[in-house]
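To keep things clear, I will list the structure first and then write my remarks on it.
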Amino acid sequence: MAAARPFRACSCFFSSNLFVRRCGLHVRYRHREQLLSDYGTALRERGCGSPEVLEAVVREIEAEVQRRKQLIHQSTERKAIIASRYKRKHPEVYVLQDSFLAPEFLEIVSYCTSPDAHLDGLLRYTESFSDKRIYRLPVFTEEFCRAFVEELENFEQSDMPKGRPNSMNNYGVLLNEIGMDENFITPLREKYLRPITALLYPDLGGACLDSHKAFVVKYALHEDLDLSSHYDNAEVTLNVSLGKDFTEGSLYFGDFRQDPSPVPSYIEVEHVGTQGLLHRGGQIHGALPIASGERWNLIVWMRASAIRNRLCPMCNQKPELVEAEGFGDGFTESAEDDVPETVDLCSLW
Ligand SMILES: O=C(O)CCC(=O)C(=O)O
Ligand SMILES: [Fe+2]
């Protein structure tokens, strides 16, 4: 068998999809003049047109680009510190066990791995929302969710260094940094989720999701309340509600990024504790503000190199690969030197 190819990122990470929080806008940034020429009107419309505010916006964007450039290095450092010093409260939650999973979820996986499994059969076990290919299904047990959130709170309250889940969420935990990728998220994706996504999203590489970025987001009254509209850097996303108690805070979904309609229709989907939502990463979505309590959700952005190597979902171009740590952003170098028997079936579509 050929050695696994290292994962890469696309260079657009340093220039595209930069989120300007104060005006709720994603921008591409090369330099100040380009920003003004591409987004001058949009910035003005959102109250960011005065010279002082513009100045602050440019400074924020440049700081975000710097943050992104230092990310790999800082994340590796944090991971090493956490591995050597963090004292886990529930060490057991780091190794996935069947007992963490809802019996109904195990039943779904068992159906999907049976020889005659088909989409219509699977849909009998899930709840579907409109025609947007959004599905809800049971995932974890309540007991597991409680222990997991307790572990995350323990980490949050510790003096360990913490990264932000992504440029839009300020609160939460990057699961690779606390050591949950290897024995929890990777087996969850490979052994349990992939048989399901293979049937739901074959066109998006659902059968060959070969990497992920996993994190937990947290919303609370004096922290983040909501999340602006966006699409994920993922082919398929799993979003599981872990608790705790909260009101409001539903998700809303609009069009698929590559298939916009003149008047997008939005649907709202509630989070149900212990249950997960599967959706296409490219489905435009956001989170409405919570009204009380705390909301913790596990988010797994799942990626298929066979799909994204052709087109980066963030810049819509052939990806320009740059070195990365771990799973990077899920791209791999081209497979031209592969011998035929190692060619992944997914890459033949
Ligand atoms: O708050 C949520 O449930 C959604 C979070 C989300 O969409 C994301 O982090 O990509
Ligand atoms: Fe998202």
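Whatever order the structure lists them in is the order used to number ligands and atoms, beginning at 1.
- If you check which protein heavy atom lies closest to atom 4 (C) of ligand 1, you get Asn239 ND2, 3.4 Å.
- Contact atoms of ligand 1 toward Tyr219: 1 (O), 2 (C), 5 (C) (distance under 4.0 Å to a heavy atom of the residue).
- The side chain of Leu251, and not its backbone, has at least one atom closer than 4.0 Å to an atom of ligand 1 (non-hydrogen atoms only; side chain from C-beta on).
- If you check the side chains of Asp116 and His118, you find no donor sitting under 3.5 Å from an acceptor.
- Geometrically, Arg68 does not engage Tyr29 in a cation-pi contact, judged by NZ or CZ lying under 6.0 Å from the ring centre and within 45° of the ring axis.
- Between the Fe ion (ligand 2) and the N, O or S atoms of Asp232, the shortest distance is to OD1.
- Between Tyr111 and Tyr125, the ring center distance clears the sub-6.0 Å criterion.
- Side-chain contact check for Val109 versus Ile196: some heavy-atom pair is nearer than 4.5 Å.
- Near Ile299, the atoms of ligand 1 lying under 4.0 angstrom from a non-hydrogen atom of the residue are 5 (C).
- In His230, the part holding a heavy atom less than 4.0 Å from any atom of ligand 1 is the side chain.
- A side chain to side chain contact (heavy atoms under 4.5 Å, CB included) with Leu174 is found for one member of Arg78, Lys79, Lys162 and no other, namely Arg78.
- Applying the 4.0 Å criterion to heavy atoms of His285 picks out, from ligand 1, the atoms 7 (O).
- Close approach of ligand 1 to His271 is summarised as follows: ligand atoms under 4.0 Å from at least one heavy atom of the residue are 3 (O).
- When only modelled atom types and interatomic distance are considered, Tyr94 and Glu151 share a side-chain donor-acceptor pair under 3.5 Å.
- The distance from ligand 1 to the heavy atoms of Ala287 drops below 4.0 Å at these ligand atoms: 1 (O).
- Less than 4.0 angstrom separates some heavy atom of Phe215 from each of these atoms of ligand 1: 9 (O).
- Closest to the Fe ion (ligand 2) among the N, O or S atoms of His285 is NE2.
- For the pair Lys318 and Asn309, the tightest heavy-atom approach, listed with the atom from each and the gap, is NZ-O, 3.3 Å.
- Side-chain contact annotation: Asp98 with Tyr192, donor-acceptor N/O pair under 3.5 Å present.
- Distances from ligand 1 to the non-hydrogen atoms of Arg295 include at least one value under 4.0 Å.
- Ring pair Trp301/Phe215: centre-to-centre distance below 6.0 Å.
- Of the options Leu277, Val216, Leu227, the smallest heavy-atom separation from atom 5 (C) of ligand 1 is shown by Leu227.
- Relative ring orientation between Phe144 and Phe100 is described as parallel, the plane-to-plane angle staying below 30° on a 0-90° scale split at 30° and 60°.
- Taking every non-hydrogen atom of Asn169 and a distance limit under 4.0 Å, the qualifying atoms of ligand 1 come out as 9 (O).
- Of all atoms in ligand 1, listed by their number and element, those nearer than 4.0 Å to a heavy atom of Trp301 are 10 (O).
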